[in-house]
Amino acid sequence: MDFESFFSSKLEDLKLEGRYRVFMDLERQVGDFPRAKRHVNGTTQDITIWCSNDYLGMGQNPAVLKAMHEALDKCGAGAGGTRNISGTNHYHVELESELASLHGKEAALLFNSGYMSNWTTLSTLAAGLPNAIVFSDGGNHASMIEGIRHSKADKVIFKHNDIKDLEKHLKAAYPARPKIIAFESVYSMDGDFGRIAEICDLAEHYGAMTYLDEVHGVGLYGEHGAGLAEREGLMHRVTIIEGTLAKAYGVVGGYIAGSAAMCDYIRSYASGFIFSSALPPAVAAGATAAIKHLKASEFERAQLRRNVAMVKAGLDRLGIPHMANDSHIVPVLVGDATKCKWISDYLLDHHGIYIQPINYPTVPRGTERLRITPTPLHSEQDIEVLLQSLDGLWKQCALSRAVA
């Protein structure tokens with residue numbers, strides 16, 4: 001087989017569909033986020049990032065940077081191995097304690113990414129529980145889907161946020177079977193909220209375990225930034241809360257929080273945890289500092305809500321279609337992969353606005369979009385430039401407008 005020709009032809013297919021993804025060569029500027037420099041053809045371009053998951057700008061927060069510098073000087077660069085051999089550092093222990101406290105749980109367990117924490121935990125749980133069945137929301141993230149698939153346990157995919165459909169499937173399952181309901185608090189591409197209270201009601205009625213992905217909720221919602229479940233007063237009803245340190249907390253890593261026995265079970269049986277080198281101590285120190293800061297500070301969340309409201313109101317005023325939701329995520333609908341990519345490229349090249357196009361398989365074909373994520377650090381002028389630029393492109397491309 002001509003392997004190189006195969007690879008090239010498959011890549012060409014993506015380009016013809018408008019789905020080929022280009023990784024921009026960006027250099028974030030400490031103290032100037034959401035500004036960054038784009039490196040292209042030996043030159044640099046000043047740009048403004050509008051699609052970052054560093055939702056609150058904590059990646060440049062002085063307290064976070066100070067904690068990371070101190071830990072780096074004290075412990076060095078790496079952790080030295082897997083947690084089970086030589087990699088557990090006091091900073092890891094402190095961070096797990098902070099995460100457990102944040103979510104009101106007995107324990108927490110760190111992973112190297114949110115993808116790994118979902119994949120590893122769900123695959124280990126579903127494979128280990130005898131004759132388990134997993135009920136997975138149709139909008140769940142790829143990491144959850146892959147973890148469930150890898151477990152080889154029986155699974156039922158219920159319609160997204162459809163409580164009646166979920167209950168229908170729960171009723172049909174044999175009552176004594178171990179059941180896991182896996183869902184999210186904030187769905188990252190549409191920006192809608194999961195129906196936590198109603199799912200907990202069903203879980204308690206049918207004897208199911210609840211697994212809640214709070215990746216796009218932690219840091220952003222709740223009095224202490226513990227997520228949507230905290231805001232709704234529901235953390236105590238959720239069996240396992242999964243989160244990330246790479247979005248609102250501005251560093252990298254994932255985690256789960258729950259009972260001490262459950263966390264110890266995953267620590268002891270999950271290959272994705274056992275055989276992975278630990279996070280660098282400096283990362284753990286930065287994450288702990290970010291969590292402590294956002295537990296006490298409401299300023300960043302208040303500014304974020306203000307800027308999100310300004311962007312949504314401006315889009316409504318201009319008739320630029322976006323998906324209605326109550327979250328911080330603003331999906332602007334284009335509905336065509338080629339046009340979406342062209343608009344993204346034009347915004348970057350001519351306006352210095354960086355918004356990556358979102359297309360299949362991340363979202364269904366025909367729902368291609370620009371996923372805008374305002375931050376507390378975008379200025380009113382930044383917002384006005386964004387809105388004017390989008391308005392001009394909607395006119396230039398003769399794209400349909402939303403009806404007020």
How about Asn359 and Arg21: does a side-chain donor come under 3.5 Å of a side-chain acceptor?
yes
Side-chain donor-acceptor pair under 3.5 Å between Arg365 and Thr367, yes or no?
no
Ring-face cation contact, Tyr20 with Lys15, 6.0 Å cut, 45° max
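The answer is yes, since Lys15 meets both limits relative to Tyr20.
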Measure from the ring center of [X] to the ring center of [Y] and say whether it is less than 6.0 Å.
| X | Y | answer |
| --- | --- | --- |
| Tyr255 | His103 | yes |
| His141 | Tyr187 | no |
| Phe273 | Phe111 | yes |
| His328 | Tyr221 | yes |

How would you list, by chain and number, every residue that makes a salt bridge (Lys or Arg N to Asp or Glu O under 4.0 Å) with Lys295, sequence neighbours excluded?
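Only Glu98 meet the salt bridge (Lys or Arg N to Asp or Glu O under 4.0 Å) criterion with Lys295.
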Contacts of Lys155 meeting salt bridge (Lys or Arg N to Asp or Glu O under 4.0 Å) (sequence neighbours excluded), chain-then-number -> none
Salt-bridge criterion met for [X] and [Y] (N-O under 4.0 Å):
| X | Y | value |
| --- | --- | --- |
| Arg35 | Asp46 | no |
| Arg267 | Glu96 | no |
| Lys66 | Glu70 | yes |

What do you reckon, is [atom1] of [X] surrounded by more than 12 foreign heavy atoms closer than 6.0 Å?
| X | atom1 | value |
| --- | --- | --- |
| Gln396 | CD | yes |
| Glu27 | CD | yes |
| His350 | NE2 | yes |

Would you say the side-chain atoms of Gln60 pair up with the backbone N or O of Gly31, donor to acceptor, closer than 3.5 Å?
yes
OH-CG distance between Tyr211 and Asn140, expressed to the nearest 0.5 angstrom:
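So the OH of Tyr211 and the CG of Asn140 are separated by 10.0 Å.
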